[in-house]
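Hydrogens, waters and symmetry mates are skipped; everything else that's a heavy atom, side chains included, is used.
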Amino acid sequence: MTYAVKNLTQGRELIAFRIGDQEFCVNIMSVREIRGWTPATAMPHAPPYVLGVINLRGAVLPIVDLSLRLGMKAAEPTVRHVIIVAQVGPKVVGLLVDAVSDILTVTDENIQPTPDIANEAEKAYARGILAIEGRMICLIELDSLFPHTESEAA
């Protein structure tokens, strides 16, 4: 399902996904691929939100429980979960989410500012809110969610 919102010539594409009953989106330009859930091999001393690593065509890919990283309840991965392989700064990271839902084309006018009630940590990674067809979708800035020093631990 694709939603065209306002002016397509100046729009940017975002990929929307679900975690629990909430929707989030990231810039599609940072997404390398979307793949099914693969059990990860745990890594000692990794942050709690790092589930482990998988072999992605010969490369070691850290898998992050995005739900836990966003301060929500830890995911219990099933075959229905997906991994969004994304470029985050200089690193490639796998983001575990419940499901990918849409590709959205939006303009800056469609993105509303993060509410003032959000704490500073949320404001650091939440770039805004999209209100589309009765849905509230939080736009996440991956580079802010995984600072370069932290992504190196993954």
*Might you work through the side-chain contact (heavy atoms from CB on, under 4.5 Å) test for L142 and Q87, ending with a clear yes or no?*
CA-CA 9 Å; L142 291 176; Q87 183 78 40; over 6 Å; no
same_hphob_cluster(V50, L61) at 4.5 Å side-chain heavy-atom cutoff: no
Report yes or no: do I84 and M72 belong to one cluster of Ile/Leu/Val/Met/Phe/Trp/Tyr joined by side chain heavy-atom distances under 4.5 Å?
-> yes
With sequence neighbours left out, the residues meeting side-chain contact (heavy atoms from CB on, under 4.5 Å) with T41 are V53
Sorted by chain and number, sequence neighbours left out, side-chain contact (heavy atoms from CB on, under 4.5 Å) with M29 holds for N27
Please walk me through it: do R35 and V82 pass side-chain contact (heavy atoms from CB on, under 4.5 Å)?
CA-CA 6 Å; R35 53 182 295 118; V82 296; over 6 Å; no
[atom1]-[atom2] distance between [X] and [Y], expressed to the nearest 0.5 angstrom:
X    : Y    : atom1 : atom2 : value
I63  : T38  : CD1   : OG1   : 7.5 Å
C138 : L130 : SG    : CG    : 8.5 Å
L139 : F24  : CG    : CZ    : 11.5 Å
L66  : I140 : CG    : CD1   : 5.5 Å

Query - N-O pairing of E23 and R18 below 4.0 Å - result: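 No, E23 and R18 are not salt-bridged.
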Would you mind reporting whether [Y] and [X] have side-chain heavy atoms less than 4.5 Å apart?
X    : Y    : answer
N110 : I132 : no
V88  : V92  : no
D98  : H81  : yes
I34  : F17  : no
I137 : I129 : no
I103 : L14  : no
V64  : L51  : no
S101 : R135 : yes

If every non-hydrogen atom of [X] is compared with every non-hydrogen atom of [Y], which pair is closest and at what distance?
X    : Y    : answer
L104 : A16  : CD1-CB, 4.0 Å
S67  : I19  : CB-CG2, 3.4 Å
G128 : I111 : CA-CG2, 3.9 Å

Assess, by modelled atom type and distance only, whether the side chains of R127 and S144 contain a donor and an acceptor separated by less than 3.5 Å.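 Yes, S144 and R127 have a side-chain donor paired with an acceptor closer than 3.5 Å.
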D143 vs K91, test: salt bridge (Lys or Arg N to Asp or Glu O under 4.0 Å). Steps then yes/no.
CA-CA 10 Å; D143 285 344; K91 303 283 184 186; over 6 Å; no
Start with the C-alpha distance between I83 and L95, add both sets of side-chain angles, then the distance that settles side-chain contact (heavy atoms from CB on, under 4.5 Å), and finish with yes or no.
CA-CA 5 Å; I83 296 171; L95 307 172; 5.9 Å; no
task = Sort and list the pairs that fulfil side-chain hydrogen bond (donor to acceptor under 3.5 Å, both in side chains) and have at least one residue in residues 50-66, not counting sequence neighbours.
result =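 Found E33-R57.
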| task | Go through V31 and V85 one step at a time and tell me if the side-chain contact (heavy atoms from CB on, under 4.5 Å) criterion holds. | result | CA-CA 6 Å; V31 175; V85 179; over 6 Å; no
The residue among V97, V79, L96 that forms side-chain contact (heavy atoms from CB on, under 4.5 Å) with W37 is L96
